[in-house]
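Inspection log for the structure reproduced underneath, given as structure tokens.
Residue numbers begin at 1 in each chain, while the letters A, B, ... track the order of the sequences.
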Protein chains: 2
Amino acid sequence: MKLISEVKKNAVYDYLYSAIRKGEIKAGDTLTERDLAERLGVSRTPIREAIRKLEEQGVVIHEPHKGAKVITLSAEKAAELYEVRELLEGLAVRKLAQIHTAEMMEELTGYIERAEKKALAKEIEKLSDINSAFHLALARLSGNIYLEVIMNMLQTQINLLMTTSLSYSGRPLENIEEHKKILEAIKLGDGDFAESVAKYHVRQAKIHAMKKIAEGGM
Amino acid sequence: MKLISEVKKNAVYDYLYSAIRKGEIKAGDTLTERDLAERLGVSRTPIREAIRKLEEQGVVIHEPHKGAKVITLSAEKAAELYEVRELLEGLAVRKLAQIHTAEMMEELTGYIERAEKKALAKEIEKLSDINSAFHLALARLSGNIYLEVIMNMLQTQINLLMTTSLSYSGRPLENIEEHKKILEAIKLGDGDFAESVAKYHVRQAKIHAMKKIAEGGM
DNA sequence: ATCTACAAGATGGTATACCATTTAGGAACT
DNA sequence: AGTTCCTAAATGGTATACCATCTTGTAGAT
């Protein structure tokens, strides 16, 4: 039985991460414990824990006695991000091609269906969340726990990038089509092929993101 | 000016991680905050932070109201670990082949020299630490910040594996020879070749580790 | 004998106060 | 005017107490 009021530690984390994604807290801003505690009406303890978690995920960097600064995602960092993600997503999909079951495919298809609805409804923030969930699911279902943990971190960063820098602008339909192609490749059961399709997808996403960053004001 | 007494949070983390590596705290054991606080003579606060960090690194898993349990590294987990590491170390070395400078090579060579000394002196625990530092340096020098963060986590896990399961038993000399080959490949500047040498090294380490796990009592 | 319910202990989460360290700004001196 | 030193404020770290929740064992009922 899940209660409404989650533990504050998580609530604070969610609030801060969301505020950063929405741009209410900008890159370079510093989070100070006492400040936030007062503003959110809680003690420093849950704030500390939330900031630790943000640090863990690479969202802020803590400089002693200067506060935790929200990272700035430069074009270089974005390139590094996608570089690693290409490898890992390739591996996840390769493994999935070898071990996939009907239930797995059903779950994955579910994300795509929901994504299509959100895309049509232009609910871009929710679309972004669903796409995140899709990629995380690929990692989780691959059965490699490390892939899952790492992809979670990378996805957190990518969401940050998408929202703060790219203002959610995506290529929603092409993106979804590529996701479908990944699922088809998994169904074929050919690890090499599935891996190459997944890598292609990540490269496309990277190209798009880099172009946006180059245009937009970073 | 660095003082002797580091912050307790880190001291507690170091103590716990070390105790786990030494087997004083075994896989499956639970860490409870009050318990440790009393035994180490500090308050729960630094204990909490240390446990969080252990959790972050995947060393313990926190189950609500049951304490933080030290993970059990099964053969499957070890295989997953090396699977991911092969990809990432391959990427790191590929990049290094393209961007390496004299200073970088000097640093890397330094690790190998120190490793040889420790190997000859049979100081196996210190050897293990130096090898960790070598691999972490590869990731760091590659210039991809994500590689560095991720490799740090993987290395933490591998150290755990080496000590708890493999009792430091290694193939120290072969290992060092392979490290030398990696450096030579980097110097040649051929990314593809360097990557393949690095991947080969990780696969060898994996084979050795898996064999040991199969023999030894896990 | 088994099941239920409840109470006590264990565990985690939060609030608060205090201490340590660092930073930053200004006063005093040259 | 520039430099040095010192102090106050900011920030982080730690200790402690209290509260909420969950687990577990046991007493009582059936």
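One interatomic measurement links the two molecules: CZ of A:R48 to C1' of D:dT14, which rounds to 8 Å at whole-angstrom precision. Atom NE2 in B:H65 sits about 7 Å away from atom P in D:dT23, given to the nearest Å. Atom-to-atom, CZ of A:R44 to C1' of C:dC19 comes out at 11 Å; the value is rounded to the nearest Å. D:dT14 atom P lies 13 Å from atom CD of A:E49, rounded to whole Å. In this structure, CG of B:D35 is placed 17 Å from P of C:dG9, rounded to the nearest angstrom. Rounded to a whole Å, the OH atom of A:Y13 is 17 Å from the P atom of C:dG13. Between the CD atom of B:E55 and the P atom of C:dG13 there is a distance of 9 Å, given to the nearest Å. Atom P of nucleotide C:dT14 and atom CD of B:E33 are separated by 12 Å, given to the nearest angstrom.
A donor-acceptor contact under 3.5 Å is formed by the side chain of B:R34 with the base of C:dG12.
Side-chain contact check for A:Q157 and B:Y146: at least one donor-acceptor pair (N or O, by modelled atom type) lies under 3.5 Å.
Comparing A:S43 and A:P64, the nucleotide of DNA chain C nearest to each residue sits closer to the 5' end for A:S43.
Proximity of a side-chain donor or acceptor of A:H208 to a complementary backbone N or O of A:A205 within less than 3.5 Å is not detected. For A:T156 (side chain) and A:N152 (main-chain N/O), a donor-acceptor pair under 3.5 Å exists by modelled atom type.
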Could you go step by step and tell me if A:R52 and B:E56 meet the salt bridge (Lys or Arg N to Asp or Glu O under 4.0 Å) rule?
CA-CA 10 Å; A:R52 291 288 171 284; B:E56 194 181 307; over 6 Å; no

